[in-house]
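All ligand and atom numbering here is 1-based and tracks the order in the structure.
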Amino acid sequence: MGFWWRPLGLLAAVLLVAAMLWAASGASTALLFLAGFQAYVLLRRLWQEYRLSRWLEHPDEVSPPDAAGTWGDIFYRLERLQRRQNANHNQLTSALERFEHAAKAVPDGMVFLNHAEQIEWCNPASSHFLGLDSERDRGQFVRYLLRQANFLEFLDAADYSRRLVCKSPVNREISLSLQLVPFGESQKLLVARDITELERVDAMRRDFIANVSHELRTPLTVVGGFVETLADNPHLPEIDSRRYFNLMQDHTRRMQRLLDDLLTLSRLESAEHGLNDEPVNVPDLLHTLESEAQSLSRGRHTITLQIDSPLWVRGSLQEIHSALGNLISNSIRYTPAGGAIRLSWSERNNEVVFAVTDTGEGIAAEHIPRLTERFYRVDHSRSRETGGTGLGLAIVKHVLTRHGARLDVQSIPGKGSTFAAVFPQSRAIKAADGDNIIKFPAREQAAG
Ligand code: ADP
């Protein structure tokens with residue numbers, strides 16, 4: 001109603017003036033006045049219409065018209081409408097930008113397909129996994145670009161609960177899981193997820209179970225066989241039954257060692273099992289390890305120990321003992337009688353190194369990178385003969401990694417090997433005052 005007051009008031013005022021003119025100067029003056037007013041209204045309207053059309057044509061360049069009266073009201077309302085639209089538009093644009101940024105950052109490949117399976121948009125990950133390009137391939141039919149038979153069959157099936165596992169068409173090393181998700185009227189989203197790592201872990205798990213079963217089968221079969229023989233022949237000569245019992249004991253011990261090593265590995269791998277951070281007196285530990293080595297070798301090897309560094313390391317005494325002990329027991333097991341084994345503890349290039357060098361059978365270069373894999377053995381029968389589980393170096397690698405250290409292996413077939421546990425300077429500590437590191441020479445003298 002507010003709109004009408006002003007124009008109706010103006011009209012009433014004009015009619016009043018016309019009536020007064022009529023009374024004062026006659027009808028022709030009043031009609032002339034009314035015609036003049038009419039012409040003014042028409043011209044003003046044309047002018048405002050011109051301004052309005054100019055503004056509507058270039059709303060961003062021309063400033064909105066402003067006027068008094070009803071035109072002013074109209075302009076004001078139009079401008080408000082335009083401002084609201086601009087705000088909506090900006091909101092939409094920034095929402096779209098946010099969506100695009102997010103979709104670009106998603107690690108999975110995402111391809112938007114319209115009802116005819118033409119590509120509407122795809123993110124950068126889809127270029128990495130599927131070789132698609134958002135600019136180049138927009139509007140292309142996806143089935144012309146990805147032509148593998150299993151993919152076409154997957155598209156045709158349009159079974160949205162199904163996932164297709166396949167190799168990436170651009171990189172055969174990448175395994176993908178593809179899924180179609182329907183949305184909107186009849187659009188689809190094709191999602192490509194990289195499952196290479198999952199597949200690798202799954203394959204490792206399967207291998208591991210197969211390996212463990214294989215490792216347990218032989219001793220179990222042997223023990224089972226002897227138990228049956230003994231049960232069927234209760235009056236076996238004492239010498240035979242004793243031999244059977246000894247063999248059963250050997251195989252039971254083998255299974256026990258395997259289970260112990262498996263438990264150690266699983267304990268080391270479990271995330272909750274944090275690392276002990278105690279000062280470990282490595283020089284002292286090496287003396288203990290040397291005597292353990294002497295008793296393992298039973299005089300078959302010449303074992304020497306050289307300590308050139310007084311440094312200790314921070315970590316778990318029990319784990320470091322087991323890792324270094326493993327390296328030493330390997331060198332004894334893989335070095336024929338009469339060979340030499342040298343243990344050393346020294347500093348080089350800002351690192352502290354425990355090394356065990358043997359004059360054993362050595363290892364060909366192609367095996368070295370795989371030695372720390374679980375159950376990897378260069379010579380299976382040699383490993384079993386000497387009581388190996390194939391897990392020793394896997395345990396060593398885990399322990400060293402937990403201590404920020406690494407395993408260096410150098411070997412010449414037929415000449416011997418050096419296995420070195422290399423600790424970073426950051427793990428090394430100086431023995432605390434009062435700690436009797438000076439006792440090592442004394443011990444060496446005592447041992448000598
Ligand atoms: P195993 O229980 O079989 O000894 P490890 O994991 O300790 O398992 O070692 C893996 C393989 O590495 C061994 O089977 C052996 O072939 C090789 N190896 C380890 N240490 C030595 C060494 N000092 N000299 C020669 N070969 C070695």
Side-chain angles (χ1 to χ4, degrees), residues 204 207-208 210-212 214-219 250-269 286 289-290 292-294 296-297 300-305 319-344 353-402 405-422:
M204 262 175 62
D207 279 0
F208 183 66
N211 276 327
V212 173
H214 178 77
E215 295 289 331
L216 284 172
R217 189 173 304 129
T218 319
D250 280 353
H251 285 279
T252 317
R253 285 204 191 107
R254 187 168 144 195
M255 287 189 275
Q256 185 64 52
R257 273 197 307 275
L258 183 66
L259 290 180
D260 286 348
D261 279 358
L262 284 172
L263 282 175
T264 307
L265 256 186
S266 107
R267 200 165 35 81
L268 287 170
E269 278 174 356
L286 288 185
L289 283 166
E290 188 204 2
E292 286 174 7
Q294 299 285 10
L296 197 65
S297 157
R300 286 173 299 137
H301 307 91
T302 313
I303 299 174
T304 52
L305 168 64
E319 287 182 20
I320 295 178
H321 188 157
S322 121
L324 306 191
N326 239 308
L327 295 179
I328 298 171
S329 96
N330 274 356
S331 64
I332 293 172
R333 286 166 46 226
Y334 296 106
T335 302
I341 289 160
R342 191 164 67 87
L343 316 178
S344 68
V353 184
F354 162 76
V356 47
T357 304
D358 61 49
T359 56
E361 57 202 52
I363 306 158
E366 72 265 25
H367 296 292
I368 292 181
R370 302 196 56 190
L371 292 181
T372 55
E373 286 174 25
R374 301 164 189 182
F375 299 114
Y376 189 83
R377 292 154 165 132
V378 177
D379 177 347
H380 280 253
S381 49
R382 179 101 181 83
S383 159
R384 291 222 176 87
E385 266 167 36
T386 58
T389 59
L391 294 173
L393 291 180
I395 293 176
V396 171
K397 187 187 171 190
H398 262 289
V399 169
L400 294 185
T401 308
R402 280 159 63 79
R406 64 174 196 279
L407 179 67
D408 270 359
V409 183
Q410 276 166 5
S411 189
I412 302 175
K415 292 226 149 131
S417 322
T418 297
F419 282 74
V422 184

Presence of salt bridge, Arg406 and Asp408, under 4.0 angstrom: yes

Arg257 side chain to Gly387 backbone, donor-acceptor under 3.5 Å: yes

Arg333 to ligand 1, any heavy atom closer than 4.0 Å: yes

Nearest candidate to atom 3 (O) of ligand 1, where distance is taken over non-hydrogen atoms, out of Gly392, Ser383, Gly388: Ser383

Salt bridge present between Glu319 and Lys397 (N-O < 4.0 angstrom): no

Under-4.0 Å heavy-atom contact with ligand 1, by part of Arg382 that carries it: neither

Check: Ser297 main-chain N/O paired with Arg300 side-chain donor or acceptor under 3.5 Å: yes

Numbered atoms of ligand 1 (with element) below 4.0 Å of Phe419, judged on heavy atoms: 19 (C), 20 (N), 21 (C), 22 (C), 23 (N)

Option with minimal heavy-atom separation from atom 27 (C) of ligand 1, where the choices are Thr389, Asn330, Thr359, Ile363: Ile363

Protein contact of atom 13 (C) of ligand 1 - nearest heavy atom, named by residue and atom, plus distance: Tyr334 OH, 3.3 Å

Proximal ligand 1 atoms for Leu393, defined as those under 4.0 Å from one of its heavy atoms: 5 (P), 6 (O), 7 (O), 9 (O), 10 (C), 12 (O), 19 (C)

Heteroatom proximity flag, Val378 to ligand 1, N/O under 3.5 Å: yes

Proximal ligand 1 atoms for Ser331, defined as those under 4.0 Å from one of its heavy atoms: 23 (N)

Atoms of ligand 1, numbered as shown, that sit under 4.0 Å from any heavy atom of Ser417: 24 (N)

Gly360 touching ligand 1 at heavy-atom level, < 4.0 angstrom: no

Glu385 bridged to Arg377 by N-O distance under 4.0 Å: no

Close-contact set for ligand 1 against Gly390 heavy atoms, below 4.0 Å: 1 (P), 2 (O), 3 (O), 6 (O), 8 (O)

Test of proximity, Leu371 against ligand 1: N or O pairs below 3.5 Å: no

Check: His321/Glu292 side-chain N/O donor and acceptor closer than 3.5 Å: yes

Close-contact set for ligand 1 against Arg377 heavy atoms, below 4.0 Å: 3 (O), 14 (O)

Heavy-atom side-chain contact between Phe354 and Leu400 under 4.5 Å: no

Ser417 backbone acceptor or donor facing Asp358 side chain under 3.5 Å: yes

Region of Asp358 that comes within reach of ligand 1 [heavy atoms, distance under 4.0 Å]: side chain

Those residues that, when tested against Thr372, pass side-chain hydrogen bond (donor to acceptor under 3.5 Å, both in side chains) (two or more places apart): none

For Glu290, the option from Ile328, Ile341, Ile303 that meets side chain to side chain contact (heavy atoms under 4.5 Å, CB included): Ile303

Within reach of ligand 1, part of Tyr376 (heavy-atom separation under 4.0 Å): backbone

